[in-house]
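These notes concern the structure reproduced below.
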Amino acid sequence: MARLVAMQRQTQPSLSLLPSSLSDFNGTRLHSQVQCKRRVWQTKGALQVSASSSKNILIMGGTRFIGVFLSRLLVKEGHQVTLFTRGKAPITQQLPGESDQDYAEFSSKVLHLKGDRKDFEFVKTSLAAKGFDVVYDINGREAVEVEPILDALPKLEQFIYCSSAGVYLKSDLLPHSEKDAVDPKSRHKGKLETESLLESKGVNWTSIRPVYIYGPLNYNPVEEWFFHRLKAGRPIPIPNSGIQITQLGHVKDLAEAFVEVLGNDKASQQVFNISGEKYVTFDGLARACAKAAGFPEPDIVHYNPKEFDFGKKKAFPFRDQHFFASIDKARHVLGWEPEFDLVEGLADSYNLDFGRGTYRKEADFSTDDLILGKSLVLQA
C-alpha cells in the first residue's frame, strides 16, 4: 500500500509571487516587441565613460553566457577588453538579433589571450606582460586560481569577482542579505575562500552574488528545462508542493551590474546580491515560461522525490527549497535596477534562443517518465 499519494495533479491555484504583468499577459508570443520597448540594451546613462577613463580590462572566461554580454558592454563603453580562455570555443559569436555591423565592430576590438588558468606560471608571466588595469573573474571557482593573478598585477586597480548566492547558509529567515551567515561547507566554498583571499590581500575588490541566472545562451538548464517540456507537450514534474519560492535574474541585468561597479568607489571591498526584483514559486515559474513562450497552460504534476532513485541524473533544475536574496543593497548603493521582469525576461530568452531552435542540451525525459509512470500506477 502506497503512502500518501505520491502524485497530485494541480487542481487549484497555489501561492504564486509572479509580477502582476503575468496575469495580464494574453499568452501570445512577445517576439521582438519586448526588446523594442527597452533601450536596445544600452548601458545606464549614469555610467559615462570618456576616452581618458578607458581601462585595459581582462575577463577570465568570456566566451559564453555572462562574459558574452559583459564584454559587449565594456567594448561599447570604450574599454580595451581581452578574454583569457583555453581557446576551445570560438572567441566571439554573433548574437541573435545583432547586426552584422555591430558584430564585426565588436569582433575587431576584442583581444584574446589563450591559456589555462591553472597553469599558474603562464598566468603570472602573461598577465604581468600585459599590465591590466581591471580583472573580471567570471569563471573562477577556487582561491588558488586567483592568487597568481593578483601576484602578476601588483598595480591592479580593481578585481571584480563573480561569486554566488549559493554561499549563504540555509536559513528560515529570507531573503538572504549580504550580511547573512555563509556556509563554509557549501559546494561554492571555493568562492567564499576567494572572497576571503581578496580581502586579505588588501586589493580593491568587488564580489557579485547572483541567484539563478537565465537568458539567451544560458548553458545551465534553467528555463531550457521548462521549454523542452512545453514544446513536447509534456506535463511538468515539480517536486513536492510546488510553492517553494525562488528567484531568477536576467543575464543582461547581471552584465549591467558588473559594469556599474567598475571604477565605483562605493563598490570597493563590497559584496552585492544581483537578481530579479520578484520572487516566484516553482509552479509559477512553469506558468511564466508557458506564457512567455506562447504555450498553453502547463499540466503540472507534483511528486515526492524521496520515493524515487534517479541515480546521478537531476530530475529538477532547482534546489528543492525556498531560495532568494534581497537586491536592496545594489539598488541603494549602486543605483542599479533590473530592467527585465520575469515574463519579459523569459520571452527575451525564448525568442532569442530556444524559440529559434538553439539550445545547449538535448531533451532528456527519462526522469520524467519514472515520475509519470509511478503516477499512473498509483492512480490506477
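- No side-chain heavy atom of E339 sits under 4.5 Å from any side-chain heavy atom of H250.
- Legend: residues meeting salt bridge (Lys or Arg N to Asp or Glu O under 4.0 Å) with K114, ordered by chain and number and at least two apart, are absent.
- E157 and N204 share no side-chain donor-acceptor pair at under 3.5 Å.
- Scanning for ring pair (Phe, Tyr, Trp, His ring centres under 6.0 Å) contacts around F324 gives Y279, with sequence neighbours left out.
- Atom NE2 of H79 is separated from atom OG of S53 by 6.0 Å, given to the nearest 0.5 angstrom.
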Applying salt bridge (charged side-chain N to carboxylate O under 4.0 Å, His left out), run through D369 and R234 and close with a yes or a no. CA-CA 10 Å; D369 291 340; R234 295 177 62 96; 2.6 Å; yes

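- The existence of a salt bridge linking R229 and D299 is excluded, since no basic side-chain nitrogen approaches an acidic carboxylate oxygen closer than 4.0 Å.
- Sorted by first and then second residue, the salt bridge (Lys or Arg N to Asp or Glu O under 4.0 Å) pairs involving residues 145-155 (not counting sequence neighbours) are R117-E145, E147-K201.
- There is a side-chain donor-acceptor pair under 3.5 Å between K329 and Q270.
- Residues W205 and V123 share a hydrophobic cluster, clusters being chains of Ile/Leu/Val/Met/Phe/Trp/Tyr side chains in contact below 4.5 Å.
- With sequence neighbours left out, F310 forms a ring pair (Phe, Tyr, Trp, His ring centres under 6.0 Å) with F308.
- Remark: the backbone N or O of I238 is not paired with any side-chain donor or acceptor of H302 at under 3.5 angstrom.
- In summary, the side chains of T281 and D283 do not present any donor paired with an acceptor at a separation below 3.5 Å, with no hydrogens or angles considered.
- I138 is not connected to Y161 by any chain of hydrophobic side-chain contacts under 4.5 Å among Ile, Leu, Val, Met, Phe, Trp and Tyr, and they are in different clusters.
- Residues F282 and F316 place their aromatic rings such that the two centres sit under 6.0 Å apart.
- Listed by chain and residue number, E277, E337 satisfy the salt bridge (Lys or Arg N to Asp or Glu O under 4.0 Å) test with R331 (two or more places apart in sequence, or in another chain).
- One hydrophobic cluster holds both L230 and V280 under the rule that ILVMFWY side chains link at heavy-atom gaps under 4.5 Å.
- Atom CZ of R141 sits in a sparse spot, with 12 or fewer heavy atoms from other residues, nucleotides or ligands closer than 6.0 Å.
- Clustering of Ile, Leu, Val, Met, Phe, Trp and Tyr by side-chain heavy atoms under 4.5 Å joins Y103 with none of the others.
- Salt bridge present: D353 and R360 bring a charged side-chain N and a carboxylate O closer than 4.0 Å.
- Within a 6.0 Å sphere centred on CD of E98, other residues, nucleotides and ligands contribute more than 12 heavy atoms.
- Remark: R86 CZ is loosely packed, at most 12 non-hydrogen atoms of other residues, nucleotides or ligands lying under 6.0 Å away.
- Not counting sequence neighbours, F120 has no partner by the ring pair (Phe, Tyr, Trp, His ring centres under 6.0 Å) test.
- Under the 4.5 Å side-chain contact rule for hydrophobic residues, L262 and V203 do not share a cluster.
- For the side-chain hydrogen bond (donor to acceptor under 3.5 Å, both in side chains) condition, no pair includes a residue of residues 123-133, sequence neighbours left out.
- Contact check for N220 versus I213: no side-chain heavy atoms found under the 4.5 Å cut-off.
- Under 3.5 Å, the side chains of D100 and Q94 contain a donor-acceptor pair of N or O atoms.
- Atom OH in Y303 sits 4.0 Å away from atom CD1 in I371 (nearest 0.5 Å).
- By the 4.5 Å heavy-atom criterion applied to side chains, Y350 and F295 are counted as neighbours.
- Every residue meeting the salt bridge (Lys or Arg N to Asp or Glu O under 4.0 Å) condition with K109, not counting sequence neighbours, appears here in chain and number order: E105.
- Tested against L113, the residues L127, T85, I59 include a single side-chain contact (heavy atoms from CB on, under 4.5 Å) partner, L127.
- Looking at W336, its side chain never comes within 3.5 Å of a backbone N or O of F258 through a donor-acceptor pair.
- For the pair R319 and Y212, the tightest heavy-atom approach, listed with the atom from each and the gap, is N-OH, 3.0 Å.
- Taking the side chain as every heavy atom from C-beta outward, I236 and W225 approach each other to under 4.5 Å.
- Residue pairs meeting the ring pair (Phe, Tyr, Trp, His ring centres under 6.0 Å) criterion with at least one member in residues 162-183, sequence neighbours excluded, are Y168-H176.
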Show your working on side chain to side chain donor-acceptor pair (under 3.5 Å) between S177 and D180 and close with a plain yes or no. CA-CA 5 Å; S177 76; D180 281 0; 3.3 Å; yes

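- Residue pairs meeting the side-chain hydrogen bond (donor to acceptor under 3.5 Å, both in side chains) criterion with at least one partner in residues 182-193, sequence neighbours excluded, do not occur; the list is empty.
- Put simply, the side chain of L248 reaches to within 4.5 Å of the side chain of L285, judged on heavy atoms.
- Here S275 pairs with V211, Q247, I327 under the side-chain contact (heavy atoms from CB on, under 4.5 Å) rule; sequence neighbours left out.
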